[in-house]
Amino acid sequence: MSPELVGLAYWAETSIKLGIALAVIPTASLILVYLFLFKMMAFMQSRLGPNDTGPYGSLQLIAEAVKFLQKEDINPAAADRRVFRLAPVVVLASTFLLYVVLPMGPDAVVEALDTGIFYAMAVSSLSVLGILMAGWASANKYALLGGLRAAGQLIAYELPLILAVMGVVIQADSLNLQTIIEAQASGEIFGIGWIGNPFILTQFAGFLIFMISAQAELTQTPFDMPVAETELVGGFHIEYTGFRFLLFFMAEFGTAFAFAALASVMFLGGWWIPGFAIDAPILNVLGPGVMLGKILLVSMLIFWVRFTYPRLREDQLQKFAWKVLIPLALANIVLTGIFKVVF
């Protein structure tokens with residue numbers, strides 16, 4: 001959306017967009033925490049607090065927030081304080097940068113970059129720097145081991161994550177997230193055009209690889225080796241308390257929301273609604289609601305896996321990435337390229 005269209009100066013429009021993006025991260029985190037960490041997991045595990053405390057368990061969420069905010073901000077005596085304090089900010093900044101390219105409607109996007117997917121994959125990898133900073137600066141052997149585990153895990157699973165995206169890029173002929181949505185809206189599957197061609201039908205293998213890799217990038221069960229309580233007592237953020245721990249917590253759930261949004265855009269058609277023209281102005285109103293519904297559906301899969309499967313061993317985790325996911329992702333790229341040329 002250009003400044004001419006809205007009648008605002010560039011700096012004013014940019015400030016508004018950045019303000020919205022900053023507000024979305026805590027809001028997205030609250031939505032996922034309330035719906036899945038509190039309500040869904042509480043129901044699955046028969047936990048009373050999140051279900052019965054206040055109207056619809058809402059007071060449990062408020063109590064958790066107050067608990068974090070009132071805790072003392074402690075710095076370990078041997079820690080590198082500057083790096084220690086900067087680490088959660090770096091991780092949260094990586095999450096914030098992801099939201100810059102996430103489209104919620106034809107014009108509802110902060111910046112529709114032509115290299116949108118490349119940008120998203122690049123900035124999502126910055127979080128590993130913050131995790132390493134936290135592990136090293138804490139001057140704690142468990143935190144350091146957690147940071148090193150996280151670095152090895154994130155590097156291993158970034159490869160299949162990016163390779164899974166390549167199939168979508170080949171099929172859409174673009175790195176632009178808006179163009180990928182348009183390719184799905186204007187396509188056909190089995191001669192049927194009114195539903196478009198959501199890439200989950202032709203890129204189902206890519207979707208599975210992307211979701212598994214995203215689960216590992218989030219360090220969630222069964223890929224939670226960097227924060228394994230039974231081994232590392234919490235891992236790279238063991239020394240963090242109060243608001244600084246809350247930043248790590250917010251970044252984790254904000255990134256889960258962003259990965260779910262990327263999966264919705266690349267495989268489920270994003271904000272487009274079958275039967276509507278791709279440039280229909282009404283989609284700027286209806287599109288965000290459609291995107292939110294798809295994001296929650298994908299997020300449910302992420303948290304369902306988190307609450308269901310046991311933790312992998314470190315060797316199993318690495319073998320699964322290098323010997324299973326990466327070969328499958330490469331095979332998917334080859335097959336997509338063949339079908340692209342032939343058909």
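Here the structure is a predicted model, which is why all the values come from computation and not from measurement.
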Exercise for the section: Walk me through it: do Val109 and Trp271 pass the test side chain to side chain contact (heavy atoms under 4.5 Å, CB included)? Expected result: CA-CA 11 Å; Val109 59; Trp271 44 259; over 6 Å; no
Exercise for the section: Consider only side-chain heavy atoms of I, L, V, M, F, W and Y, link residues closer than 4.5 Å, and tell whether Leu132 and Ile155 are in one cluster. Expected result: no
[Y] and [X], any side-chain heavy atoms less than 4.5 Å apart:
{"X": "Val265", "Y": "Met291", "value": "yes"}
{"X": "Val90", "Y": "Leu126", "value": "no"}
{"X": "Phe118", "Y": "Leu113", "value": "no"}
{"X": "Phe339", "Y": "Thr202", "value": "no"}
{"X": "Pro106", "Y": "Asp279", "value": "no"}
{"X": "Ile212", "Y": "Gln215", "value": "no"}
{"X": "Pro103", "Y": "Ile181", "value": "yes"}
{"X": "Phe223", "Y": "Thr221", "value": "no"}

Tell me, please, which residues at least two apart from [X] pass side chain to side chain contact (heavy atoms under 4.5 Å, CB included).
{"X": "Ser124", "value": "Leu98, Phe259"}
{"X": "Ile170", "value": "Ile333, Thr336, Lys340"}
{"X": "Ile282", "value": "Phe276, Ala280, Val285, Leu286"}
{"X": "Ala134", "value": "Ala87, Phe236, Tyr240, Phe248"}

Exercise for the section: Mind telling me whether Phe210 and Phe267 have parallel, tilted or perpendicular rings, with 30° and 60° as the class edges? Expected result: tilted
Problem - salt bridge (Lys or Arg N to Asp or Glu O under 4.0 Å) partners of Glu252, counting only residues at least two apart - result: Arg306
Problem - Apart from Val305 itself, residues in the same hydrophobic cluster as defined by side-chain heavy atoms under 4.5 Å - result: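 Other cluster members: Tyr309.
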Practice task
Taking all heavy atoms of Ala216 and all of Gln153, pick out the closest pair and write down the distance.
Solution key: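 Looks like O-NE2, 2.8 Å.
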Handout entry: Phe253/Phe249 aromatic ring centres below 6.0 Å
Key =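 So the answer is yes for these two rings.
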Practice task
Take Leu262 and Ile117 through the side chain to side chain contact (heavy atoms under 4.5 Å, CB included) test and state the conclusion after the steps.
Solution key: CA-CA 9 Å; Leu262 285 172; Ile117 287 186; 5.8 Å; no
